[in-house]
Amino acid sequence: MLPAMKTMKIDPRAKPATTRIGKIIRERLAKLDRGQAWLSRQIDVAESRVSEWIFGIRRPSDASLIAMARVLDVPITKITAALGTGRRT
């Protein structure tokens with residue numbers, strides 16, 4: 001007979017870890033007292049796209065990076081450094 005296995009409970013509401021760029025986005029939005037929906041409207045992308053950037057599911061385009069840096073008042077070098085490689089290939 002096999003030993004009893006413990007089942008692991010996973011909270012379905014749990015979100016994946018935030019990326020470095022996600023941390024920057026969240027910190028700036030908090031400081032500006034704004035949310036992801038506001039940012040998405042400012043840079044003309046879907047709100048879900050901002051969430052994908054925060055959680056590392058997708059990477060922002062160069063145009064989105066530039067717009068985000070302007071809207072969030074963050075140096076573009078700080079944002080590209082958070083991505084780790086600078087420009088996309």
Side-chain angles (χ1 to χ4, degrees):
M1 187 172 221
L2 294 173
M5 295 182 67
K6 289 185 179 180
T7 58
M8 194 168 138
K9 292 184 181 178
I10 299 173
D11 184 353
R13 297 167 296 171
K15 294 192 176 189
T18 303
T19 60
R20 291 185 334 181
I21 193 168
K23 185 176 179 184
I24 292 169
I25 293 169
R26 284 186 162 186
E27 286 173 356
R28 290 303 299 157
L29 287 174
K31 186 165 180 110
L32 295 169
D33 195 28
R34 300 292 183 163
Q36 292 178 28
W38 174 84
L39 178 59
S40 69
R41 287 190 304 272
Q42 297 301 306
I43 62 176
D44 197 28
V45 298
E47 185 177 350
S48 60
R49 188 58 46 115
V50 174
S51 181
E52 291 169 345
W53 298 338
I54 289 172
F55 294 109
I57 297 166
R58 291 189 185 261
R59 187 181 163 130
S61 68
D62 290 345
S64 293
L65 287 171
I66 293 165
M68 190 176 359
R70 180 184 47 78
V71 168
L72 296 177
D73 194 26
V74 176
I76 189 71
T77 53
K78 182 174 182 177
I79 290 180
T80 56
L83 289 173
T85 59
R87 293 183 53 92
R88 292 173 12 142
T89 57

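Expressed to the nearest 0.5 Å, how far CG of D44 lies from CD of Q42 amounts to 10.0 Å. Atom CD1 of I79 is separated from atom CG of L72 by 6.0 Å, given to the nearest 0.5 angstrom. The CG atom of L39 sits 11.5 Å away from atom OG of S51, with the distance rounded to the nearest 0.5 Å.
Counting only heavy atoms from C-beta outward, the side chains of K78 and I24 approach each other to under 4.5 Å. The side-chain heavy atoms of T19 and F55, taken from C-beta on, include no pair separated by under 4.5 Å. Put simply, the side chain of P60 reaches to within 4.5 Å of the side chain of M68, judged on heavy atoms. Side-chain atoms of I21 and L65, non-hydrogen and from C-beta on, do get closer than 4.5 Å to each other. W53 is listed as a side-chain neighbour of R58, based on a closest heavy-atom distance under 4.5 Å.
Considering every non-hydrogen atom in both L83 and R59, the closest pair reads CD1-NH2, 3.9 Å. Summarising the geometry of T18 relative to R26, their closest heavy-atom pair is OG1-NH1, 3.5 Å, with the distance given to 0.1 Å.
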What do the steps show when you test Q36 against I54 for side-chain contact (heavy atoms from CB on, under 4.5 Å), and what is the final call? CA-CA 10 Å; Q36 292 178 28; I54 289 172; 3.4 Å; yes
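Side-chain atoms of R70 never come within 3.5 Å of backbone atoms of I43 as a donor-acceptor pair (strictly under, hydrogens ignored).
Side-chain contact, S61 with S64: a donor N or O sits under 3.5 Å from an acceptor N or O.
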